[in-house]
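The next block holds one structure in the form of structure tokens; read it before the comments.
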Amino acid sequence: PTGVFQPDADDPRVELELDASAAWVAEAYPVEHVETRADGTLRVRLAVAAEAWFERLMVGLGPQARVVDAPPDLADAGERASARILDRYR
């Protein structure tokens, strides 16, 4: 079935700081809060129902996104996923 993602109340939430070039994230994904700053960066809060999805998002965004607040198991998910990917090429 297809439909719009509806987060569960117990899904972990993360806050990201996004460069202006990554503002599309706030339009492409269901974010719970968006704050646009004077310098063009955004701070967004979103629910994460699957760690693998969040890893892919963070790897794709690269240096355009920084985790500001997240549960410990998600705080470095992008770095861990990137390291696994790099290990495949060694």
Side-chain angles (χ1 to χ4, degrees):
T2 61
V4 177
F5 170 69
Q6 295 293 323
D8 290 333
D10 59 343
D11 285 340
R13 273 37 180 193
V14 297
E15 287 196 24
L16 303 176
E17 183 177 82
L18 304 172
D19 291 348
S21 59
W24 60 268
V25 171
E27 297 172 5
Y29 297 105
V31 297
E32 296 179 342
H33 176 76
V34 179
E35 175 189 340
T36 304
R37 299 187 170 166
D39 64 357
T41 61
L42 283 79
R43 188 166 180 161
V44 300
R45 181 177 56 245
L46 55 124
V48 176
E51 185 173 347
W53 171 84
F54 185 62
E55 288 177 345
R56 286 190 304 275
L57 177 66
M58 294 304 293
V59 168
L61 288 169
Q64 297 175 337
R66 289 157 297 289
V67 176
V68 176
D69 187 34
D73 59 325
L74 292 175
D76 64 347
E79 290 88 355
R80 286 184 284 124
S82 295
R84 284 195 316 270
I85 293 166
L86 286 173
D87 283 345
R88 291 180 183 168
Y89 291 95
R90 292 185 183 157

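These numbers come from a predicted model, not from an experiment. We number each residue from 1, following the sequence as shown.
- Residue pairs satisfying the ring pair (Phe, Tyr, Trp, His ring centres under 6.0 Å) criterion with at least one member in residues 57-84, sequence neighbours excluded, are absent.
- For Asp10, the side chain to side chain donor-acceptor pair (under 3.5 Å) criterion is met by no residue, not counting sequence neighbours.
- In this structure Asp76 satisfies the side chain to side chain donor-acceptor pair (under 3.5 Å) test together with Arg80, sequence neighbours excluded.
- Listed by chain and residue number, Pro12, Val14, Asp73, Leu74 satisfy the side-chain contact (heavy atoms from CB on, under 4.5 Å) test with Pro71 (two or more places apart in sequence, or in another chain).
- Within the hydrophobic cluster formed by Ile, Leu, Val, Met, Phe, Trp and Tyr side chains joined at under 4.5 Å, directly or through other members, Ile85 is accompanied by Val59, Tyr89.
- Inter-residue side-chain proximity for Val68 and Leu16 is flagged as unmet; no heavy-atom pair is nearer than 4.5 Å.
- Across every non-hydrogen atom of Val67 and Ala70, the tightest pair is CG1-CB, 3.6 Å.
- Residues that satisfy the salt bridge (Lys or Arg N to Asp or Glu O under 4.0 Å) test with Arg88, not counting sequence neighbours, are absent from this structure.
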Could you pull out all donor-acceptor pairs under 3.5 Å where a side-chain atom in residues 18-28 meets a protein atom, sequence neighbours excluded?
{"unit_1": "Asp19", "atom_1": "OD1", "unit_2": "Arg66", "atom_2": "NH1", "d": "3.4"}
{"unit_1": "Asp19", "atom_1": "OD1", "unit_2": "Arg66", "atom_2": "NH2", "d": "2.8"}
{"unit_1": "Ser21", "atom_1": "OG", "unit_2": "Gln64", "atom_2": "NE2", "d": "3.1"}

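- Taking Trp53 as the reference, Tyr29 meet the ring pair (Phe, Tyr, Trp, His ring centres under 6.0 Å) condition, with sequence neighbours excluded.
- Partners of Arg84 according to the side chain to side chain donor-acceptor pair (under 3.5 Å) rule, which considers only residues two or more places apart in sequence or in another chain, are Glu55.
- In this structure, Glu32 and Pro7 approach most closely via the heavy-atom pair OE2-CG, 4.0 Å.
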Compile the donor-acceptor pairs under 3.5 Å between side chains in residues 41-48 and protein atoms, sequence neighbours left out, one pair per line.
{"unit_1": "Thr41", "atom_1": "OG1", "unit_2": "Asp39", "atom_2": "OD1", "d": "2.7"}
{"unit_1": "Arg43", "atom_1": "NE", "unit_2": "Glu15", "atom_2": "OE1", "d": "2.8"}
{"unit_1": "Arg43", "atom_1": "NH2", "unit_2": "Glu15", "atom_2": "OE1", "d": "3.1"}

